[in-house]
K.L.:
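Dropping the structure in here first, questions after.
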There are 2 protein chains.
Amino acid sequence: MTQSHATSCAMDSILRLLMGPWTSYILWILQSEGPLRFGALKRKVPGISAKVLTERLRLLEEAGVIFRDYKPTIPPQVTYGLADRGKELAEVFKTLNTIGRRWAEEDKMEKAGKAA
Amino acid sequence: MTQSHATSCAMDSILRLLMGPWTSYILWILQSEGPLRFGALKRKVPGISAKVLTERLRLLEEAGVIFRDYKPTIPPQVTYGLADRGKELAEVFKTLNTIGRRWAEEDKMEKAGKAA
DNA sequence: TAAAGTAGGTACTATATAGTAACTATGAGT
DNA sequence: ACTCATAGTTACTATATAGTACCTACTTTA
């Protein structure tokens, strides 16, 4: 049995989406830099391959978290940006980020205390 | 290059923790049912193996999200429950859950609208 | 004497998927 | 004629890890 049985809550589908590799980083960039073209976005996420970036963007678009604006010029122009749902998520991100920072702080203090 | 390079933000480590298989489900149960013994918890997460449950619990404990209370009786009694950090996360969970539910609602409406 | 329950640990396998490299069409520039 | 850029796609490989099955020590109960 795979875990799909047990993942009944709505939150889980969001987590599953967000947790793909690079995903949170991609959203973070789109949130802080605004809409970007594929190539520009790829350059902002050093190390990601076109394949994986495409994969992630497709999933995020399908979930309605980002929009995709395709202009069939030559060469084509494809722009990605946060949709309403993405902006909603960005708020939660900020909370998680704050919590994460505080935890890291606490852990550091704890370690320093033990070392003393 | 693996993605570790790119995951600089604090939020990411939390997401990475939460997203392990079953993890959010485990936390959800501990939040709604209170502290549970290993066996009881395992029974509440149908389909999970002892190995994976142990693995997840260890990670959550290491992150300070849950506590582990070990009593070396025979047979041993080990109780797990939400620590302060876990309760903090539970708040974010509720937000995500609400958002997830609304999205699912919206998606359903959308689909119904298209079908008509 | 044997089975069952506790809380796991160990060894192995199977599979999903991240990563790599090469390829697509089109046009612009030199 | 050749290269570069765009926005991907396709085919292949490599690896991390979820899953399965079996093991531990000890006691209680039948």
Side-chain angles (χ1 to χ4, degrees), chain A residues 1-7 12-13 15-27 29-30 33 35-63 66-81, chain B residues 1-7 12-13 15-27 29-30 33 35-63 66-81:
Chain A
M1 185 193 294
T2 165
Q3 76 171 124
S4 54
H5 256 112
T7 61
D12 210 82
S13 60
L15 281 179
R16 210 152 297 286
L17 174 72
L18 292 183
M19 252 307 298
W22 314 99
T23 310
S24 64
Y25 197 69
I26 291 168
L27 288 176
I29 287 175
L30 288 180
E33 311 242 351
L36 289 173
R37 292 182 59 184
F38 183 87
L41 183 53
K42 186 169 180 305
R43 265 172 252 122
K44 298 259 177 192
V45 188
I48 198 172
S49 67
K51 178 194 130 188
V52 173
L53 181 53
T54 302
E55 222 171 73
R56 292 293 119 194
L57 291 173
R58 290 281 189 279
L59 279 175
L60 290 170
E61 189 205 353
E62 199 179 350
I66 62 172
F67 66 82
R68 178 176 188 268
D69 181 30
Y70 174 74
K71 281 187 184 136
T73 54
I74 301 263
Q77 275 199 18
V78 184
T79 306
Y80 295 94
Chain B
M1 185 193 296
T2 165
Q3 77 171 123
S4 54
H5 256 112
T7 62
D12 210 81
S13 60
L15 282 179
R16 210 152 298 286
L17 174 72
L18 293 183
M19 250 308 298
W22 314 98
T23 309
S24 64
Y25 197 69
I26 292 168
L27 288 177
I29 287 174
L30 288 179
E33 312 241 351
L36 290 173
R37 293 182 57 184
F38 183 87
L41 183 53
K42 186 169 181 304
R43 265 172 252 120
K44 298 260 178 193
V45 188
I48 198 172
S49 68
K51 178 194 132 191
V52 173
L53 181 53
T54 302
E55 223 172 73
R56 293 292 119 194
L57 290 173
R58 290 281 188 280
L59 280 174
L60 290 170
E61 190 205 353
E62 199 181 349
I66 61 173
F67 66 83
R68 177 175 187 267
D69 182 29
Y70 174 74
K71 281 186 183 136
T73 54
I74 302 258
Q77 275 199 16
V78 184
T79 306
Y80 295 93

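Within every chain, numbering begins at 1; the chains are lettered A, B, ... in the order of the sequence lines, protein sequences first and strands thereafter.
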K.L.:
Judged by each residue's nearest nucleotide on DNA chain C, which is more toward the 5′ side, V52(A) or G39(B)?
P.N.:
G39(B)
K.L.:
In this structure, how many angstroms lie between the P atom of dA18(D) and the CG atom of L57(B), rounded?
P.N.:
14 Å
K.L.:
Can you find a side chain N or O atom of W22(A) that sits less than 4.0 Å from OP1 or OP2 on dG19(C)?
P.N.:
yes
K.L.:
Look at Y80(A) and dG8(D) and indicate whether a side-chain polar atom (N or O) is within less than 4.0 Å of OP1 or OP2.
P.N.:
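True: Y80(A) side-chain N/O within range (under 4.0 Å) of dG8(D) OP1/OP2.
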K.L.:
dG9(C) base to K51(B) side chain: any donor-acceptor pair below 3.5 Å?
P.N.:
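Per atom types, no contact qualifies.
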K.L.:
Within this structure, what is the CZ-to-C1' distance between R16(A) and dA18(D), rounded to whole angstrom?
P.N.:
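One finds 12 Å between C1' of dA18(D) and CZ of R16(A), rounded.
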K.L.:
Rounded to whole Å, please give me the gap between CZ in R68(B) and C1' in dA7(C).
P.N.:
8 Å
K.L.:
In whole angstroms, how far is the P atom of dG8(C) from the CG atom of L59(B)?
P.N.:
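Taking CG of L59(B) and P of dG8(C), I get 14 Å after rounding.
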K.L.:
When the distance from CD of E55(A) to P of dA7(D) is rounded to whole Å, what number comes out?
P.N.:
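It is 18 Å, rounded to the nearest whole Å.
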K.L.:
Mind checking what makes salt bridge (Lys or Arg N to Asp or Glu O under 4.0 Å) contact with E61(A), not counting sequence neighbours?
P.N.:
none
K.L.:
Report yes if some heavy atom in the side chain of P35(A) is under 4.5 Å from a heavy atom in the side chain of F67(A); otherwise report no.
P.N.:
yes
K.L.:
With a cut-off of 3.5 Å and sequence neighbours excluded, list every side-chain donor-acceptor pair involving residues 44-54 of chain A.
P.N.:
unit_1 : atom_1 : unit_2 : atom_2 : d
K44(A) : NZ     : E33(A) : OE1    : 2.9
K44(A) : NZ     : E33(A) : OE2    : 3.4
S49(A) : OG     : V52(A) : N      : 3.2
T54(A) : OG1    : A50(A) : O      : 2.7

K.L.:
Just how far, in rounded Å, is P of dT26(C) from CD of Q77(A)?
P.N.:
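Taking atom P of dT26(C) as the reference, CD of Q77(A) is at 18 Å.
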K.L.:
Mapping P76(A) and T54(A) onto DNA chain D by nearest heavy atom, which one lands closer to the 5' end?
P.N.:
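Result of the comparison: P76(A).
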K.L.:
Quick one: label S49(B) by what it contacts on the DNA or RNA (base, sugar-phosphate, nothing), any heavy atom closer than 4.0 Å.
P.N.:
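Result for S49(B) = base.
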K.L.:
Between R58(A) and dA7(D), does any side-chain N or O lie under 4.0 Å from OP1 or OP2?
P.N.:
no
K.L.:
Return no unless some side-chain N or O of R37(A) is found under 4.0 Å from OP1 or OP2 of dT6(D).
P.N.:
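Answer is no, no contact under 4.0 Å.
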K.L.:
Classify K42(B) by what it touches in the nucleic acid, base, sugar-phosphate, or nothing, heavy-atom distance under 4.0 Å.
P.N.:
nothing
K.L.:
State, with a plain yes or no, whether a side-chain heavy atom of L59(A) is found less than 4.5 Å away from one of T23(A).
P.N.:
no
K.L.:
Any side-chain N or O of R56(B) under 4.0 Å from OP1/OP2 of dA18(D)?
P.N.:
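R56(B) to dA18(D) OP1/OP2: side-chain N or O found under 4.0 Å.
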